[in-house]
Structures are given as C-alpha cells and as structure tokens.
Participant: 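Before anything else, here's the structure in question.
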Amino acid sequence: MEDNSKKRKLADGPPAAAAAVGAVSPPLSDLTTGSLAAQLLVGSAASALESLHQQTSAVVDSRKQEMRDLVGEVEDLVALCGGVWSLNEDETSGELKVNAGGVVFPVSRRALLMPFMKRRYISVLLMHHAGGLPRDADGHLYLETSSAFFSLLLDRMTLYERGSTDTVELPPSKASDPLYAENFSLFMRETNFYAPPQPPPAAAAVAPMEVDGQGGEGGGDAAEKAIQDSVRAYERSLRAYLRAYKGLVRQKEEIETFIRHMKPFFASGDSNADAVLSVTVMGRKVCIMRKTIGRLGHNHPLMTRFSTTPPCFANRQVRQVPADHFMMIVEFARRISTMPHSQVISPPLVEEGDKRHFVEDIEMYSLKYQPYCHLPAADGHEFIVKSAEEWGKVIDMTGKASPAITLIYKSSRDTFGYQSFLNKVTGKSGLIRPTQTSGRYKVPVFLFALSGAFDAPTKIKLPKESQRVEVAGTQGVVKADNMDWTANVCIGCGRLWLGFAGPGPAADISSCQQWNNKGELPDGYKGPTVNEEGHGTLAQSSNFTCTELEVWHIGQATHN
C-alpha cells in the first residue's frame with residue numbers, strides 16, 4: 001500500500017472518460033437555425049447531453065467520496081494501533097530491544113524486513129506497529145509471549161538472515177510442543193496490507209455497444225462511433241476504479257483480521273491494565289501484563305502471585321511450586337489469554353511420571369489440564385457449548401490443532417426449515433452438496449456428548465463402514481432400510497436422523513432420532529436403554545424434538 005498522500009491523490013482523480021463524456025463546447029442551446037424541426041432536435045440533444053453530464057458527474061462525485069471514506073477508515077484502523085505505513089531509513093537497520101515474557105532480546109530489523117519475514121504478523125507488529133505496543137519499566141517494547149519461543153524464533157531468523165536457510169520454520173523437536181507450535185502459528189501468519197502496490201491488470205476489451213440494432217465499428221456514422229468509444233472508455237474507467245476499490249476493501253479486511261488477532265498484544269491505553277508485572281523464578285525474571293491475567297477472571301490466583309499491591313505475596317520469589325511447573329502454568333495462562341478465538345489452546349507437554357504433580361499445581365492456580373478454546377462472537381445468540389473448557393474438548397476431538405472455526409447454521413437464527421438448512425450448508429468446503437433427489441457421502445463421522453449421558457464431554461467413535469452422511473435433495477427424502485420412515489438427513493448410517501417421521505419427512509429438522517449400539521458407548525455411559533438389545537441414546541429418549549441445532553465448519557488454519 002502506498003503512503004497517505006498517494007492514497008489521497010488516488011481518491012481525488014476522477015475517471016478521465018467521465019470528464020470527456022460530459023464536455024460539450026459550445027453549448028448546443030446557443031446554436032441558431034432557421035428550421036423549427038432542427039431547433040427541436042438541437043434542444044433534445046442538448047437536454048440529453050446535459051442529463052448525461054449530470055449523471056456522470058454525480059457518479060464520479062459519489063465514487064470519489066466512497067474512496068475517501070474507505071481510505072479514512074483504513075488510516076484510522078492503522079493509527080488507532082500505533083501503526084505507520086512507511087519506515088524511515090534509520091528504522092530499517094540496527095536492532096530493536098524487545099522484552100518477551102521477561103527476557104530482553106536484541107531483534108534484527110534487517111531480518112524482520114527480509115522477503116520471507118516482512119509480511120509475517122511478528123514483523124508487521126514490531127516494525128509497523130511498535131507505537132501501539134506496551135513498554136516495560138526500562139522503556140523496552142514488551143511482547144506478551146513466551147521468552148523460550150521468542151528465543152527459538154530469533155535463532156531460526158538468524159540462520160535465515162545469514163543465508164543458511166531460505167525459510168523460517170520450527171525444528172521437528174518443537175513442532176509437537178503447543179508452547180512453540182501455537183505461538184509460531186499465530187505470529188507467522190502472513191498479511192499483505194503493507195506490501196508494495198501491484199499495478200492493476202490491463203482493462204479487458206469491451207465489446208462494441210449496439211445502437212439501433214447496429215453493431216461493430218462500421219455499424220453507424222461517425223457520431224455513433226464516437227458515442228460507442230466514449231461508452232467503452234467510461235466502462236474501462238469504472239472497471240479500473242472498481243478493481244482499485246475492491247483491492248482497498250481487501251486490505252481493510254486484512255488489517256481488521258491482523259488487529260483482531262494482535263489486539264491482546266497492543267497497549268490498551270489504561271496504564272494499570274498495561275502494567276508489566278514480574279516475579280523471580282530460580283533467579284529468572286518472568287513477566288506478564290496485568291490485563292493478560294485479568295482475562296482469566298476476577299481475582300485470579302495468578303494475579304495474587306504477580307501483583308505488587310494487596311492482596312499479594314510479600315515474597316517476590318516463587319518457592320513452593322517447581323520452577324518448570326510454574327513456568328508452564330504461566331505460559332499456558334498466557335496462551336489462553338492471547339491466542340485468537342476459535343484456536344485450540346492445548347495444555348503443556350509434561351513428563352508422564354510428573355503429570356500427577358503438575359495437575360495438582362495447575363489446579364492450585366485455577367486452571368485445568370485440558371484444551372481450551374474461546375467461543376467465537378455470539379452475535380446475540382447463545383451457543384450450545386457454554387465454556388472455553390467444553391469447546392476446547394470438543395475441538396480437540398476433531399484432531400485439528402489450530403483450526404479456523406465458522407458458524408454455518410444455527411436454528412434459532414436460521415429456523416429449523418430444511419430449505420434454510422440446505423441454503424446455509426450447501427457448497428461449503430467439506431460440507432454436503434445435495435442434488436435434487438439425494439446424496440450419500442463417505443466422510444469421517446463421530447458423535448459426542450457434552451452432558452447427561454456422561455459426566456464429562458465424551459467422544460463416541462463409529463465403525464468405519466458407518467462413517468457416512470445421507471442428505472435429501474430438494475425433491476427427495478432419505479429412507480430407513482428397515483421401516484417405513486423417512487427424514488431429511490441421516491448421519492452415521494441411521495445413528496442420527498434430522499427431520500425424522502413416519503411416513504415423513506417431518507415438517508422441519510427439529511424432529512430427530514438418535515441411538516448407538518451398546519458396544520459403541522464408552523465406559524461411564526449412564527443414559528437410557530432404548531431397546532431389548534441394550535442400545536443407548538445421547539438424548540433423553542431416542543425420538544426427541546431438538547431445541548437448538550448448530551452446524552460448524554472446522555477447517556485447518558495455517559500460518560501462510
């Protein structure tokens with residue numbers, strides 16, 4: 001993106017063709033003729049051209065204001081987070097001093113600005129948004145992340161900077177450790193909104209406009225050809241404008257995504273919330289921001305441990321908890337507070353023989369040794385899953401470590417109507433694509449229970465041959481094999497039906513049936529038995545009316 005002055009200049013430049021179309025000299029109304037018929041024609045032509053001039057002027061003025069407004073929104077987004085578009089020459093060399101989690105590191109600006117790194121979130125944050133970051137007591141930039149992760153990242157950047165590698169990646173030994181993998185996945189995401197602007201592609205040729213049935217270059221006299229040329233030039237100008245405008249909209253969306261993901265790392269403007277707190281662990285200083293702990297809940301035990309004001313520990317040394325346990329607890333809490341919504345935050349890797357002791361220590365600090373995942377924005381609706389702990393367990397069941405999660409369908413918002421359901425889920429990546437009649441898809445399927453049938457969120461695996469989904473089309477139904485019942489959707493070879501009725505389908509998809517073979521139900525099942533064979537159900541009964549139904553798309557996010 002260019003600097004502000006260039007954007008303003010772009011916004012002020014009207015399409016050349018518009019000005020050409022509206023220019024008439026001398027005004028036709030000033031011409032004289034002895035023929036009344038000719039005068040009428042001249043007046044009609046003058047009126048048409050004046051109307052055209054007014055219309056094109058209005059379009060140009062409206063588009064110019066549209067562009068000014070959008071440019072202003074982009075500038076405000078960047079400025080509110082301490083951002084700058086361009087870097088001074090002295091800001092592109094030397095080192096930054098960055099306090100990452102309590103350790104001050106020298107960070108090479110040159111490495112941050114090299115081709116592989118310059119569009120990464122970490123580089124954009126430190127190079128273009130340093131003015132929006134908090135500072136520690138010594139005035140260093142403070143980055144709310146693990147010092148162990150940041151040290152490793154800088155080591156990998158050093159290899160890249162000196163030419164030993166052509167990329168920056170986690171070593172295999174760290175790729176399975178959530179402390180490193182989750183931070184790397186976030187900070188190495190890529191954005192292009194500070195990339196140099198690319199020249200727009202050449203305008204596509206526009207077919208000649210037909211006038212009174214005549215087409216092509218030779219289809220009319222010189223005046224008709226001139227009009228056709230003007231219309232084509234006008235269209236080319238509008239298309240060029242539209243490409244530029246859409247490009248700026250995409251950049252605004254990228255900036256919004258970047259800011260949303262980086263918001264926990266920016267200073268809030270509240271000096272108390274932005275305070276960098278610290279304790280000493282085995283001679284090592286460990287820092288965390290007050291607002292980071294505050295996101296874990298009011299009066300969280302970690303706040304007591306780090307705070308310098310009552311209630312707090314008088315001793316600034318951590319002695320009762322093993323140093324490695326305390327460090328892992330702090331970093332887990334930090335990740336819970338700073339990782340984006342919809343990303344699974346996995347518990348720390350712990351030696352198997354030490355796990356029992358670690359669980360005791362982490363629970364002392366009001367955390368649980370389990371995955372967390374913050375619920376996405378509710379938009380005025382409550383979700384079926386109520387907590388980050390439950391959501392983390394559900395997403396963890398999918399096996400996707402850093403997923404991108406999107407709510408596709410919600411019955412209280414979209415109704416239980418089957419057509420509404422189809423409209424929301426059809427064509428989405430990895431979801432159903434029904435035909436007019438019906439469709440059958442072999443896909444990985446499992447069921448899970450949040451409560452009721454089990455004491456804790458539990459995954460129910462299905463046989464491989466039963467992992468499929470059948471969906472009725474707009475003019476069809478899904479039929480049971482052994483009874484005269486039909487439905488709209490059948491999941492897991494009949495283990496879950498939506499819109500189920502006899503003869504069916506039901507009026508909407510809230511009419512459901514759900515059951516599982518006895519042998520599929522894990523230990524701890526305490527739900528009802530639905531038949532003499534001992535089958536069970538995850539609901540209160542096998543046939544039930546659903547009160548809320550949600551469909552989520554869970555894709556694998558990457559940092560590229």
Side-chain angles (χ1 to χ4, degrees), residues 381-387 390-391 393-394 397-398 407-422 424-425 432 438 440 443-463 465-472 476-552:
H381 296 276
E382 291 188 359
F383 295 133
I384 295 173
V385 180
K386 301 298 183 185
S387 69
E390 281 188 344
W391 194 231
K393 287 186 176 181
V394 170
M397 293 175 189
T398 68
L407 180 65
I408 299 297
Y409 164 87
K410 186 172 178 63
S411 58
S412 60
R413 181 192 67 189
D414 304 317
T415 78
F416 276 112
Y418 181 55
Q419 188 60 53
S420 175
F421 172 85
L422 277 184
K424 292 294 182 179
V425 304
I432 62 174
S438 64
R440 177 178 293 184
V443 293
V445 173
F446 67 86
L447 303 177
F448 68 89
L450 288 179
S451 61
F454 296 90
D455 290 329
T458 302
K459 181 176 181 177
I460 297 92
K461 298 179 180 180
L462 302 183
E465 63 273 13
S466 298
Q467 295 189 26
R468 69 186 191 199
V469 175
E470 296 178 66
V471 183
V477 296
V478 177
K479 189 178 185 305
D481 293 334
N482 56 355
M483 61 181 72
D484 189 23
W485 290 58
T486 59
N488 299 121
V489 182
C490 174
I491 298 173
C493 288
R495 287 165 176 79
L496 176 60
W497 299 80
L498 307 180
F500 186 77
D508 59 51
I509 59 174
S510 66
S511 178
C512 302
Q513 185 184 90
Q514 197 285 314
W515 57 272
N516 281 95
N517 289 323
K518 179 179 180 181
E520 296 168 356
L521 297 168
D523 294 340
Y525 174 73
K526 60 179 185 180
T529 300
V530 299
N531 60 17
E532 63 278 2
E533 297 178 13
H535 292 354
T537 180
L538 305 181
Q540 293 182 344
S541 61
S542 58
N543 294 314
F544 64 94
T545 299
C546 176
T547 57
E548 183 68 285
L549 178 64
E550 296 171 358
V551 178
W552 294 84

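Along the sequence shown, the residues carry numbers beginning at 1.
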Participant: Inspect the surroundings of CD in Gln540 and state if more than 12 heavy atoms from other residues, nucleotides or ligands are less than 6.0 Å away.
Facilitator: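 Counting neighbours around CD of Gln540, 12 or fewer heavy atoms of other residues, nucleotides or ligands fall under 6.0 Å, so no.
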
Participant: To the closest 0.5 Å, what do you measure between NZ (Lys461) and CG (Asn516)?
Facilitator: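 Between atom NZ of Lys461 and atom CG of Asn516 there are 14.0 Å.
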
Participant: Measuring from Ser411:OG to Ile509:CD1, what's the distance to the nearest 0.5 Å?
Facilitator: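 Between atom OG of Ser411 and atom CD1 of Ile509 there are 7.5 Å.
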
Participant: Rounded to the nearest 0.5 Å, what separation is found between the CG atom of Leu538 and the CG atom of Leu521?
Facilitator: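 It comes to 7.0 Å.
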
Participant: Under the 3.5 angstrom rule, does the side chain of Thr486 hit a backbone N or O of Pro503 as a donor-acceptor pair?
Facilitator: yes

Participant: Could you go step by step and tell me if Asp414 and Phe421 meet the side chain to side chain contact (heavy atoms under 4.5 Å, CB included) rule?
Facilitator: CA-CA 7 Å; Asp414 304 317; Phe421 172 85; over 6 Å; no

Participant: Tell me the closest heavy-atom pair linking Gly502 and Trp485, and the distance in Å.
Facilitator: N-CE3, 3.5 Å

Participant: Between Trp497 and Phe500, how do the two ring planes meet: parallel, tilted or perpendicular, split at 30° and 60°?
Facilitator: tilted

Participant: Might you point out which heavy atoms bring Val385 and Leu450 nearest each other, and give the distance in Å?
Facilitator: CG2-CD1, 3.8 Å

Participant: Does any part of the side chain of Gln514, heavy atoms only, come nearer than 4.5 Å to the side chain of Leu447, both counted from C-beta?
Facilitator: yes

Participant: Kindly give the heavy-atom pair with the smallest separation between Glu548 and Ser412, and that separation in Å.
Facilitator: OE2-OG, 2.8 Å

Participant: Begin with the C-alpha distance, continue with both residues' side-chain angles, and end with the deciding distance and a verdict on side chain to side chain contact (heavy atoms under 4.5 Å, CB included) for Glu533 and Asn517.
Facilitator: CA-CA 8 Å; Glu533 297 178 13; Asn517 289 323; 5.6 Å; no

Participant: Between atom CD1 of Ile384 and atom OG1 of Thr547, what is the distance when rounded to the nearest 0.5 Å?
Facilitator: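 These two atoms lie 7.5 Å from each other.
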
Participant: Which is it for Leu498 and Tyr418 under the side chain to side chain contact (heavy atoms under 4.5 Å, CB included) test, yes or no, and what are the steps along the way?
Facilitator: CA-CA 9 Å; Leu498 307 180; Tyr418 181 55; over 6 Å; no

Participant: If only side-chain N and O atoms count, and only distance matters, is there a donor-acceptor pair under 3.5 Å linking Ser542 with Gln513?
Facilitator: no

Participant: Closer than 3.5 angstrom, by distance alone: can the side chain of Lys393 be matched with the main-chain N or O of Pro457 as a donor-acceptor pair?
Facilitator: no

Participant: Considering residues, nucleotides and ligands other than Lys518, do more than 12 of their heavy atoms fall under 6.0 Å from its NZ?
Facilitator: no

Participant: What is the ring orientation for His535 with Trp515, classed by angle as parallel under 30°, tilted 30 to 60°, or perpendicular over 60°?
Facilitator: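 Plane angle under 30°, so parallel.
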
Participant: Can you give me the closest heavy-atom contact between Thr537 and Pro528, atom names plus distance?
Facilitator: CG2-CG, 3.5 Å

Participant: Mind checking the CZ-CH2 spacing from Phe383 to Trp391? Nearest 0.5 Å is all I need.
Facilitator: 7.5 Å

Participant: Just do the side chain to side chain contact (heavy atoms under 4.5 Å, CB included) check on Leu422 and Val471 with the steps written out, would you?
Facilitator: CA-CA 9 Å; Leu422 277 184; Val471 183; 4.2 Å; yes

Participant: Specify the closest pair of heavy atoms between Ala472 and Ala487, including all atoms of both residues, with the distance to one decimal.
Facilitator: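 Looks like CB-O, 4.2 Å.
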
Participant: As an exercise, state the distance from CD of Glu550 to CZ of Arg413, rounded to the nearest 0.5 Å.
Facilitator: 9.0 Å

Participant: Given 3.5 Å as the limit, does a donor-acceptor pair link the side chain of Gln467 with the main chain of Leu462, or not?
Facilitator: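 Answer holds: yes.
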
Participant: Which heavy atom of Pro522 sits nearest a heavy atom of Ile460, and at what distance?
Facilitator: CD-CG1, 4.0 Å

